[in-house]
**Student:** 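Take a look at the following structure, please.
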Amino acid sequence: MTERARILEFLRSFDVACATAAEPWRFGTAFWRDDMPRVYDLNFALLEAPGDVTAHAVARAADDAHARRGVRHRKVSVRDERGERLRPAFVALGWDTERDVVMVLRAPPPSGRRRGEEVELADVLAMREAALRAYPFASDEDVVRQLVDKDRVFHDARAARHFAARRDDGAVVASCDLYSDGRTGQIEDVGTLEGHRGQGHATAVVLAAVDASLAAGHDVTFLVADDEDWPKQMYARLGFEPVAHLYDFWRSGE
């Protein structure tokens, strides 16, 4: 199995582990989390059917699949090169889009740099909830609750490990997670509270997760970053190299 295929298998098995239901739709598999229907990352349609497809057909089929489940938003994930071709057409249909880059660790982590510390999930949840509440949707307590609970789902699905950086008074200001299947490690959910950015906290937690992944014997350590945002440059400085792209298309149901 190629490295890329391993990573895609890892991601799909994670989708299965997090879902309360997985069912076929016209172009692949749809994953649902019935107790968290407003979390886009847990309720979406994955494009898996081979061959040429049109954005209009995919969007219409995804609309039907989400409606049957009673999910208000719409989301389609594409994990191959078709996503690049479909993206302009989804934009024309009024959907939001994101292109992510999969980056694999290629170089040893730099020495002499500050590392974060491993902590329990409870240690990072308050910081993540505070970060969520900085967004306009935070006035909806149900959405905030579901997004915080999502971290518990992810933790259980992959026996996640958590890493944090603290300020002088001990409060967590940055964190990330490490997911594992025993052979492969994924670093995910890297974030720093506003007001503490640009101080090396994100680098510190990522390096702590890299150290843990290597110590666990993972021969592939990867992360997924927004291909149109600056953090991918930080990851490149830490030894990560781009190997593939992933695409998400969505439409809000709010």
Side-chain angles (χ1 to χ4, degrees), residues 2-12 14-15 40-41 44 75-88 90-91 96-111 113-116 124 127-128 131-132 134-135 151 154 158 160-165 173-180 184-214 218-250:
T2 67
E3 181 181 73
R4 181 179 182 279
R6 257 183 72 179
I7 291 171
L8 294 179
E9 181 181 296
F10 181 99
L11 293 173
R12 193 185 190 285
F14 194 37
D15 296 333
Y40 290 21
D41 288 346
F44 66 96
K75 181 181 175 184
V76 174
S77 289
V78 183
R79 294 172 179 170
D80 59 43
E81 66 282 352
R82 290 177 295 179
E84 191 65 37
R85 179 180 58 79
L86 291 170
R87 195 179 187 195
F90 268 103
V91 171
D96 292 304
T97 74
E98 180 173 301
R99 180 177 64 213
D100 290 330
V101 58
V102 179
M103 305 182 75
V104 174
L105 184 68
R106 296 296 192 208
S111 59
R113 299 289 294 272
R114 180 166 59 91
R115 259 68 168 169
V124 302
M127 168 250 163
R128 292 179 179 175
L132 286 171
Y135 290 93
D151 281 347
F154 287 177
R158 281 289 193 216
R161 298 169 66 180
H162 311 280
F163 302 87
V173 296
S175 68
C176 75
D177 299 331
L178 174 65
Y179 309 142
S180 172
T184 304
Q186 180 188 6
I187 298 171
E188 185 55 67
D189 208 3
V190 181
T192 305
L193 282 179
E194 191 172 354
H196 299 276
R197 294 170 185 163
Q199 301 173 37
H201 297 306
T203 293
V205 297
V206 170
L207 287 177
V210 166
D211 290 344
S213 185
L214 295 176
H218 301 147
D219 57 348
V220 174
T221 300
F222 77 98
L223 52 78
V224 178
D226 187 338
D227 196 35
E228 297 169 327
D229 204 357
W230 67 265
K232 70 175 186 178
Q233 300 167 10
M234 175 187 75
Y235 302 137
R237 292 194 298 270
L238 298 180
F240 288 87
E241 178 181 297
V243 297
H245 287 98
L246 311 175
Y247 300 82
D248 285 328
F249 310 124
W250 71 92

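Just so you know, residue 1 is the first one in the sequence shown, and it goes up from there.
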**Student:** For L214 and L105, what are the C-alpha separation, side-chain angles and deciding distance, and is it a side-chain contact (heavy atoms from CB on, under 4.5 Å)?
**Tutor:** CA-CA 10 Å; L214 295 176; L105 184 68; 4.0 Å; yes

**Student:** Roughly how far, to the nearest 0.5 Å, is the OG atom of S180 from the CD atom of Q186?
**Tutor:**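 Between atom CD of Q186 and atom OG of S180 there are 10.5 Å.
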
**Student:** ring-ring contact (aromatic ring centres under 6.0 Å, His included), that's the test. Do F90 and Y247 meet it? Break it down for me.
**Tutor:** CA-CA 11 Å; F90 268 103; Y247 300 82; over 10 Å; no

**Student:** Step by step, would you call F240 with L223 a side-chain contact (heavy atoms from CB on, under 4.5 Å)?
**Tutor:** CA-CA 8 Å; F240 288 87; L223 52 78; 3.7 Å; yes

**Student:** In Å, rounded to the nearest 0.5 Å, how long is the span from CD of E98 to CZ of R87?
**Tutor:**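 Reported value, rounded in 0.5 Å steps: 8.0 Å.
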
**Student:** Closest heavy-atom contact between M103 and A236?
**Tutor:**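 Scanning both residues completely, I find the closest heavy atoms to be CE-N, 4.0 Å.
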
**Student:** CD1/I187 to CG/L207 distance, rounded to the nearest 0.5 angstrom?
**Tutor:**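 Taking CD1 in I187 and CG in L207, the distance rounds to 8.5 Å.
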
**Student:** Is D41 salt-bridged to K75, going by a charged N under 4.0 Å from an acidic O?
**Tutor:**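 A salt bridge links D41 with K75.
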
**Student:** Is the closest basic N to carboxylate O distance between K232 and E241 below 4.0 Å?
**Tutor:**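 No, this pair does not count.
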
**Student:** Apply side-chain contact (heavy atoms from CB on, under 4.5 Å) to residues R4 and V243 and explain how you reach the verdict.
**Tutor:** CA-CA 7 Å; R4 181 179 182 279; V243 297; 5.9 Å; no

**Student:** Are the side chains of V78 and F249 in contact, using a 4.5 Å heavy-atom criterion?
**Tutor:**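 The answer is yes; the side chains approach within 4.5 Å.
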
**Student:** So which atom in G185 and which in S213 form the shortest heavy-atom distance, rounded to 0.1 Å?
**Tutor:**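 Where G185 meets S213 most closely, the heavy atoms are CA-OG, 4.0 Å.
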
**Student:** Which one of V210, T203, L238 satisfies the side-chain contact (heavy atoms from CB on, under 4.5 Å) criterion with P110?
**Tutor:**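 It is L238, the one option of V210, T203, L238 that forms the side-chain contact (heavy atoms from CB on, under 4.5 Å) with P110.
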
**Student:** List the atom of H201, the atom of A165, and the distance in Å for their closest heavy-atom pair.
**Tutor:**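 For H201 and A165, the tightest heavy-atom pair comes out as ND1-CB, 3.9 Å.
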
**Student:** Salt bridge check: are E3 and R106 linked by an N-O gap of less than 4.0 Å?
**Tutor:**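 Salt bridge present between E3 and R106.
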
**Student:** Please give me the minimum heavy-atom distance between F222 and V102, naming the atom from each residue.
**Tutor:**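 Smallest heavy-atom distance, with atoms named: CD1-CG1, 4.0 Å.
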
**Student:** Are F10 and Y179 close enough that their ring centres sit under 6.0 Å apart?
**Tutor:**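 No, the ring of F10 stays outside the 6.0 Å limit from the ring of Y179, centre to centre.
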
**Student:** If you round to the nearest 0.5 Å, how far is CG of L178 from OG1 of T221?
**Tutor:**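 Taking OG1 in T221 and CG in L178, the distance rounds to 7.5 Å.
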
**Student:** So, applying side chain to side chain donor-acceptor pair (under 3.5 Å) with D177, which one of H162, R158, R161 is it?
**Tutor:**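 The passing option is H162.
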
**Student:** Under 3.5 Å, sequence neighbours excluded: what are the donor-acceptor pairs made by side chains of residues 189-198?
**Tutor:**
{"from": "D189", "atom 1": "OD2", "to": "R128", "atom 2": "NH1", "distance (Å)": "3.3"}
{"from": "R197", "atom 1": "NE", "to": "T192", "atom 2": "O", "distance (Å)": "2.8"}
{"from": "R197", "atom 1": "NH2", "to": "T192", "atom 2": "O", "distance (Å)": "3.1"}

**Student:** How many angstroms lie between atom CG of L246 and atom CZ of R99, to the nearest 0.5 angstrom?
**Tutor:**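 If we round to the nearest 0.5 Å, L246:CG and R99:CZ are 11.5 Å apart.
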
**Student:** So how far is it from L132 CG to M127 CE, rounded to the nearest 0.5 Å?
**Tutor:**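 It comes to 9.5 Å.
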
**Student:** Shortest non-hydrogen contact from Y235 to A225?
**Tutor:**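 Looking at all heavy atoms of both residues, the closest pair is CE1-CB, 3.7 Å.
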
**Student:** Kindly give the heavy-atom pair with the smallest separation between W250 and T97, and that separation in Å.
**Tutor:**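 That would be CZ3-C, 3.6 Å.
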
**Student:** Would you call D15 and R79 a salt bridge, using N to O less than 4.0 angstrom?
**Tutor:**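 Answer for the salt bridge query: yes.
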
**Student:** Tell me, please, which residues at least two apart from D229 pass side chain to side chain contact (heavy atoms under 4.5 Å, CB included).
**Tutor:**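 For D229, the residues satisfying side chain to side chain contact (heavy atoms under 4.5 Å, CB included) (neighbours in sequence not counted) are D226, P231.
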
**Student:** Can you see whether H245 engages D227 through a side-chain donor-acceptor pair at a distance of less than 3.5 angstrom?
**Tutor:**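 Yes, D227 and H245 have a side-chain donor paired with an acceptor closer than 3.5 Å.
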
